[in-house]
Colleague: 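Once you've had a glance at the structure underneath, I'll fire off some questions.
Being a predicted model, the structure only gives us computed values, none of them experimental.
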Amino acid sequence: MTTVEVPHGSRSVILTVSAVVQETADTRSIVFAVPDELRDKFAYKPGQFLTLRIPSEQTGSVARCYSLASSPYTDDAPKVTVKRTSDGYGSNWLCDNIAAGQTLEVLPPAGVFTPKSLDHDFLLFGAGSGITPVISILKSALTQGSGKVVLVYANRDEKSVIFAEELRALAEKYPTRLTVVHWLESVQGLPTADQLAALAVPYESYEAFMCGPGPFMDTVHQALNTVGMPRARVHAEVFNSLSGDPFADQAPVEISDEEAADAATVEVELDGVVHELSWPRKQTLVDIMLAKGLDVPYSCQEGECGSCACTVLEGKVEMENCDVLDPEDIEAGYILGCQARPVTDHLKIEF
Ligand SMILES: Cc1cc2nc3c(=O)[nH]c(=O)nc-3n(C[C@H](O)[C@H](O)[C@H](O)COP(=O)(O)OP(=O)(O)OC[C@H]3O[C@@H](n4cnc5c(N)ncnc54)[C@H](O)[C@@H]3O)c2cc1C
């Protein structure tokens with residue numbers, strides 16, 4: 001029995017697991033009870049994720065992100081869905097050890113894989129466990145929006161389809177608005193870019209969201225490129241494991257007089273308010289915003305989760321690790337605040 005009572009940092013909280021649902025042979029959902037006093041902190045947007053602290057005898061703990069498969073509009077409680085990764089530590093630990101009534105240390109919802117408006121028409125692609133943020137967007141768009149939703153959902157075989165029953169019921173409830181296309185590798189083989197492009201042609205004007213293994217997402221990107229969908233309407237969520245500890249509080253950055261003298265300046269817009277900050281060249285954007293007490297969105301601080309993605313409107317930054325961003329994202333001005341250091345003397349950035 002695992003119980004955690006005291007959070008390790010000031011940003012995390014301890015939540016009780018209210019239910020564990022066996023979804024498929026290798027996938028389980030974990031539903032959390034959120035007490036009233038934490039409701040605001042745990043309010044989330046469709047497509048966002050939670051970060052869980054998983055105990056480890058070797059390292060004390062590991063941190064793993066899991067997308068919320070629930071919708072804030074249709075589900076009473078937040079739910080993440082964990083698929084066992086072969087030889088993976090965290091996913092197997094969660095599937096083997098977590099039961100209703102136990103507690104887990106959790107960081108509040110984060111992430112930018114979320115539609116700006118739910119009133120669009122959506123073309124969604126999910127593969128395997130990549131269905132989790134996608135189904136949250138799907139359910140939210142169907143209840144809150146008025147557009148059409150097309151889901152292309154790829155799996156190894158019928159038995160590995162997560163949420164099959166829920167999707168069947170939704171397709172029945174929204175016969176004119178929801179189309180679900182199941183793609184089974186056991187039946188059709190792996191989808192090719194040409195096959196997905198042929199499927200996507202009628203939906204070229206839709207807003208696309210995709211999540212799944214790297215090769216699947218490469219294929220979808222290629223397909224959407226072929227049908228001429230502009231990059232600005234294509235959104236992708238990359239699943240990977242964190243290596244650092246986002247639960248630990250970090251000491252505020254210390255800035256020497258020398259560093260302060262050679263600082264750039266940045267006008268950064270957060271929640272519609274513009275802040276003018278001095279930006280010492282060795283500090284990251286997240287560091288300087290935290291030092292000013294701003295509520296900057298961030299989680300892993302390793303450039304791996306994408307929570308701190310923002311847009312450079314003027315000026316230039318350099319980044320150490322930005323693998324979660326596609327070259328097209330970077331071209332469009334997207335940066336990761338936790339990795340960005342200033343190159344030019346003046347910058348404008350928008351969250
Ligand atoms: C934003 C976000 C959302 C996510 N949402 C979900 C979700 O909804 N559902 C879900 O199931 N997953 C999700 N993930 C992925 C999840 O966070 C984990 O990455 C996943 O569960 C695997 O973690 P693990 O600890 O089991 O595997 P790990 O222990 O991290 O191992 C992963 C793989 O790396 C290999 N490996 C491990 N250590 C080494 C090493 N030293 N050298 C070489 N290879 C190694 C393992 O063999 C394994 O194949 C998400 C990730 C992100 C960033």
Colleague: Among L285, T311, V112, whose side-chain contact (heavy atoms from CB on, under 4.5 Å) with F351 holds?
Modeller: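 When L285, T311, V112 are each tested with F351, the side-chain contact (heavy atoms from CB on, under 4.5 Å) holds only for L285.
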Colleague: Can you find a pair of side-chain heavy atoms, one from C95 and one from D26, that are under 4.5 Å apart?
Modeller: no
Colleague: Determine, stepwise, if the pair E207 / K116 fulfils salt bridge (Lys or Arg N to Asp or Glu O under 4.0 Å).
Modeller: CA-CA 10 Å; E207 194 82 16; K116 285 213 163 68; over 6 Å; no
Colleague: In Å and rounded to the nearest 0.5 Å, what is the OG1 to CG distance from T179 to L199?
Modeller: 11.0 Å
Colleague: Just one of V21, L15, I98, T81 clears the side-chain contact (heavy atoms from CB on, under 4.5 Å) bar with I30, so which one?
Modeller: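 Among V21, L15, I98, T81, the one meeting side-chain contact (heavy atoms from CB on, under 4.5 Å) with I30 is I98.
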Colleague: Given side chains that start at C-beta, do those of L170 and L138 come closer than 4.5 Å, heavy atoms only?
Modeller: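 Yes, at least one pair of side-chain atoms sits under 4.5 Å.
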Colleague: Checking T16 against Q102: is there a side-chain donor and acceptor pair closer than 3.5 Å?
Modeller: no
Colleague: Considering all heavy atoms of both residues, which atom of S136 and which atom of S70 are nearest to each other, and what is their separation?
Modeller: OG-O, 2.7 Å
Colleague: Can you confirm whether or not the ring centre of H182 sits under 6.0 Å from the ring centre of Y153?
Modeller: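 Close enough - the centres of the two rings lie under 6.0 Å apart.
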Colleague: Under 6.0 Å from the CD atom of Q22, do we count more than 12 heavy atoms belonging to anything else shown?
Modeller: yes
Colleague: Among side-chain atoms of Q301 and Q339, is any donor-acceptor pair under 3.5 angstrom?
Modeller: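 No donor-acceptor contact under 3.5 Å links the two side chains.
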Colleague: Please assess Q195 against T192 for the test side chain to side chain donor-acceptor pair (under 3.5 Å), listing each intermediate value before the final yes or no.
Modeller: CA-CA 5 Å; Q195 288 170 316; T192 66; 3.2 Å; yes
Colleague: Does a side-chain heavy-atom distance below 4.5 Å link S299 with L107?
Modeller: yes
Colleague: Please determine if K83 and E23 form a salt bridge, counting it only when a charged side-chain N lies under 4.0 Å from a carboxylate O.
Modeller: no
Colleague: Check the surroundings of atom OH in Y174: do more than 12 heavy atoms from other residues, nucleotides or ligands lie under 6.0 Å from it?
Modeller: yes
Colleague: May I ask you to check whether Y66 and S91 show a side-chain donor-acceptor distance below 3.5 Å?
Modeller: no
Colleague: Excluding sequence neighbours, so at least two apart, what forms ring pair (Phe, Tyr, Trp, His ring centres under 6.0 Å) with Y206?
Modeller: Y203
Colleague: I'd like to know whether CZ of R156 has more than 12 heavy-atom contacts from other residues, nucleotides or ligands below 6.0 angstrom.
Modeller: no
Colleague: Quiz question: by atom type and distance under 3.5 Å, do the side chains of S160 and N155 form a donor-acceptor pair?
Modeller: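 Side chains of S160 and N155: no pair found under 3.5 Å.
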Colleague: Yes or no on side chain to side chain donor-acceptor pair (under 3.5 Å) for T85 and D87, after CA distance, side-chain angles and deciding distance?
Modeller: CA-CA 6 Å; T85 294; D87 299 329; over 6 Å; no
Colleague: So does D249 have more than 12 non-hydrogen atoms from other groups sitting under 6.0 Å from CG?
Modeller: yes
Colleague: Does F125 have its ring centroid less than 6.0 Å away from the ring centroid of F209?
Modeller: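 Ring-ring flag for F125/F209: false, centres at least 6.0 Å apart.
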Colleague: What's the verdict on salt bridge (Lys or Arg N to Asp or Glu O under 4.0 Å) for R281 and D345, showing C-alpha distance, side-chain angles and the deciding distance?
Modeller: CA-CA 9 Å; R281 293 180 191 274; D345 292 337; 2.6 Å; yes
Colleague: Check this for me: D157, atom CG, are more than 12 non-hydrogen atoms of other residues, nucleotides or ligands nearer than 6.0 Å?
Modeller: yes
Colleague: Decide salt bridge (Lys or Arg N to Asp or Glu O under 4.0 Å) for K348 and E269; before the verdict, give the C-alpha distance in whole Å, the side-chain angles of both, and the deciding distance to 0.1 Å.
Modeller: CA-CA 8 Å; K348 276 191 188 169; E269 186 175 336; over 6 Å; no
Colleague: Check whether L104 and Y89 end up in the same hydrophobic cluster, where Ile, Leu, Val, Met, Phe, Trp and Tyr are linked by side-chain heavy atoms less than 4.5 Å apart.
Modeller: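 Yes.
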Colleague: Contact between M210 and L224 at the side-chain level, heavy atoms closer than 4.5 Å - yes or no?
Modeller: yes
Colleague: For E314, I'd like to know if atom CD has over 12 heavy atoms of other residues, nucleotides or ligands within 6.0 Å.
Modeller: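 Atom CD in E314 is crowded, with more than 12 foreign heavy atoms closer than 6.0 Å.
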Colleague: Quick one: does NZ or CZ of R11 land under 6.0 Å from the six-membered ring centre of Y298, within 45 degrees of the ring axis?
Modeller: yes
